[in-house]
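To keep things clear, I will list the structure first and then write my remarks on it.
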Amino acid sequence: MSTESKEPELMQKIVSLCKRRGFVFQSSEIYGGLKSAYDYGPMGVELKRNLMNEWWTFMVTSREDVVGLESSIIMHSNVWKSSGHLSNFTDPLVDCLVCQERFRADKAPKLAQGEPAPITLGDKGRAKLAEDKVKELLSAAGQEALVKRDGTTVHGALAGDRGYVCPNCGSPLLSAERDFSGMFRTNLGPVDPIKGVIDAVKLAVSEGKSDKELRAVAEEALAGTSVYLRPETAQGMFVQFMNVQQSQAIKVPFGIAQMGKSFRNEITVEHFIFRSCEFEQMEMEFFCPPGEGPKYLEYWKDQRLGWWKSIGLSPEKLTFRKHDEAELAHYSDGTFDVEYEFPWGWDELEGIASRTDYDLNAHMTGSGKKLHYFDPEAIDPATGKTGYRYVPHVVEPAAGATRGVLAVLCNAYNEEIDDKGETRVTLKLHPRLAPYKVAILPLVKKDEQLVERGRAIAQRFFEAGIAARYEDQNTIGKRYARHDEIGTPYCLTIDSQTLEDGTVTIRYRDDRRQERIQVGDAVDVVVAALRTGKL
Ligand code: GAP
């Protein structure tokens with residue numbers, strides 16, 4: 001996996017640890033890798049599942065008013081038409097005319113109108129090529145005299161009236177913005193969509209249609225079999241609202257939660273697993289009576305911030321950011337992001353949005369089906385009579401699971417210089433998130449009695465349902481270092497004294513202190529840490 005050189009040093013170290021210790025690998029690595037997708041290795045899959053299980057327990061199984069759902073990833077194209085994704089789920093795409101970087105205009109570095117834009121060209125040959133290109137483009141724009149070279153930086157190109165510059169080289173010399181759909185389209189059914197497109201386009205060409213018309217013809221030929229991979233899990237909850245509500249006889253206010261994969265054809269994939277094209281979300285749609293959205297928005301903000309803290313993220317690295325009017329999604333009348341301070345700065349971890357009755361109304365219009373709720377005991381504000389039929393409003397806490405894994409890794413990563421001057425890395429994970437809760441390590445492999453005793457102790461943990469790892473390869477120091485790096489909270493060392501008095505050395509990951517305890521107490525120590533989160 002390539003460590004992105006533009007990443008802060010800490011990120012590079014985390015990416016390297018993830019590969020070295022089997023948390024995250026580049027997808028299809030032996031074929032050169034797929035830039036926007038990742039595979040979770042043996043340690044990563046445990047960490048991600050532990051995180052998602054924590055979310056499920058907090059959001060679903062520990063409450064009476066939220067139920068679960070697992071809807072399909074492929075959904076009817078009308079779902080996305082009604083939800084607004086087919087028309088609104090686009091990003092403004094721009095090409096840099098100097099370095100050819102393709103990027104999102106709304107995420108590009110801002111520059112005030114007319115402010116000089118220093119363009120970083122890179123080294124030697126590339127810099128020369130780029131400088132020639134800049135001169136050519138500036139000359140075409142009548143700005144030739146403004147070029148001034150200083151090392152690999154060219155000063156003086158004006159930002160123009162665009163208000164932003166290329167995130168790669170800083171150039172304000174850019175293509176026009178065009179809409180780019182973030183939806184992944186595919187075809188369902190045993191048909192050959194390409195044949196239909198060829199036939200339709202051939203006919204249109206023979207009729208002398210323009211390029212724009214040919215595109216429309218091709219789109220129409222595809223439309224019959226087109227389906228989309230979901231870009232959010234949320235719509236599954238809206239379109240199954242009635243089935244869930246009626247099958248469970250559950251009363252509003254209540255929530256439907258789901259975790260799973262979502263897909264977005266992102267223009268810019270960045271910061272390792274932070275923004276990828278295939279990722280996992282943990283979302284909940286909380287349905288409430290009209291007018292109660294603001295109350296539940298505040299309630300879920302509190303709940304969600306508390307949860308991120310409860311799984312070990314440092315409180316001072318978490319904050320809320322309110323969306324201003326211009327930023328609000330088309331369905332929302334109020335949104336707050338939970339932001340985490342990642343190594344590159346504050347960035348989004350979760351969005352908590354008041355979605356009003358937008359989605360249920362949109363699906364009622366699109367499907368012609370009623371998505372109402374009838375409360376026989378409530379007073380209808382319009383008539384003053386008992387019995388109130390309404391379209392519920394929705395508050396949605398929408399968190400990233402894969403992004404959550406990255407936040408947890410960043411928060412847990414710790415480096416210390418040991419007595420020998422060597423750097424020791426420890427992942428100080430919450431015990432419930434750690435892939436292994438305990439490692440059982442016979443001091444030496446050669447002593448059969450120690451091996452036998454160690455295996456018997458490991459068995460006790462397996463029987464208690466605790467993820468444990470028995471290991472007798474390598475020196476004890478190397479084994480401790482490996483378990484520090486994967487975040488194992490406890491190591492139990494079996495030595496000759498164990499055979500004499502039934503005690504083991506327990507080594508605590510975070511401060512590496514060691515003490516002797518009875519073998520019989522070891523399971524209880526680990527169980528207590530899982531309950532309290534403290535080592
Ligand atoms: N249903 C609302 C919704 O999907 P969003 O803010 O677009 O809202 C929710 O996504 C969360 O999903 C984000 O806060 C982020 O954690 C995660 N997420 C979104 N796009 C992502 C991507 N390309 N890669 C990784 N995580 C992503």
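Just follow the structure's listing: the first ligand is 1, and inside any ligand the first atom is 1.
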In the protein, which heavy atom is nearest to [atom], and how far is it?
atom                    : value
atom 13 (C) of ligand 1 : E348 OE2, 3.2 Å
atom 26 (N) of ligand 1 : F279 CD1, 3.4 Å
atom 11 (C) of ligand 1 : A398 O, 3.6 Å
atom 23 (N) of ligand 1 : E266 OE2, 2.7 Å
atom 24 (N) of ligand 1 : S276 N, 3.1 Å
atom 25 (C) of ligand 1 : F274 O, 3.1 Å

In terms of atom number and element, which parts of ligand 1 are under 4.0 angstrom from non-hydrogen atoms of [X]?
X    : result
G351 : 14 (O)
A234 : 1 (N)
E396 : 1 (N), 2 (C)

So, using ring pair (Phe, Tyr, Trp, His ring centres under 6.0 Å) as the criterion, who are the partners of Y296 when residues are at least two apart?
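Y296 satisfies ring pair (Phe, Tyr, Trp, His ring centres under 6.0 Å) with F286 once adjacent residues are dropped.
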[X], any N or O under 3.5 Å of ligand 1 N or O:
X    : value
G400 : yes
L349 : yes
E283 : yes

Can you find a heavy atom in the side chain of W80 that is under 4.5 Å from one in the side chain of P231?
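With C-beta onward as the side chain, the pair touches.
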Note, D95 side chain near Q100 side chain (heavy atom, < 4.5 Å):
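They are not in contact (no side-chain heavy atoms under 4.5 Å apart), so the answer is no.
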For F25, is the NZ or CZ atom of K19 found under 6.0 angstrom from the centre of its six-membered ring and inside 45 degrees of the ring axis?
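That pair does not qualify as a cation-pi contact.
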I want to check a possible cation-pi pair here: R185 against Y228, using under 6.0 Å from ring centre and within 45° of the ring axis as the test.
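No - R185 does not lie over the ring of Y228 by the 6.0 Å and 45° rule.
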Only heavy atoms count here, so choose which of R264, E339, E232, R275 is nearest to atom 5 (P) of ligand 1.
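That would be R264.
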Among Q281, R355, R403, E350, which one puts a heavy atom closest to atom 9 (C) of ligand 1?
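It is Q281 that holds the nearest heavy atom.
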Is D510 salt-bridged to K428, cutoff N-O under 4.0 Å?
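Judged by the 4.0 Å cut-off on N to carboxylate O distance, D510 and K428 do not form a salt bridge.
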Start with the C-alpha distance between E54 and R432, add both sets of side-chain angles, then the distance that settles salt bridge (Lys or Arg N to Asp or Glu O under 4.0 Å), and finish with yes or no.
CA-CA 8 Å; E54 283 296 307; R432 286 203 295 275; 3.0 Å; yes
Can you give the donor-acceptor pairs under 3.5 Å from side chains of residues 305-313 to other protein atoms, not counting sequence neighbours?
from : atom 1 : to   : atom 2 : distance (Å)
W308 : NE1    : E350 : OE1    : 2.7
S310 : OG     : W307 : O      : 2.7

E283 side chain vs Q258 backbone, donor-acceptor pair below 3.5 Å:
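Not at all, since once roles are kept as given, no pair shorter than 3.5 Å links the two residues.
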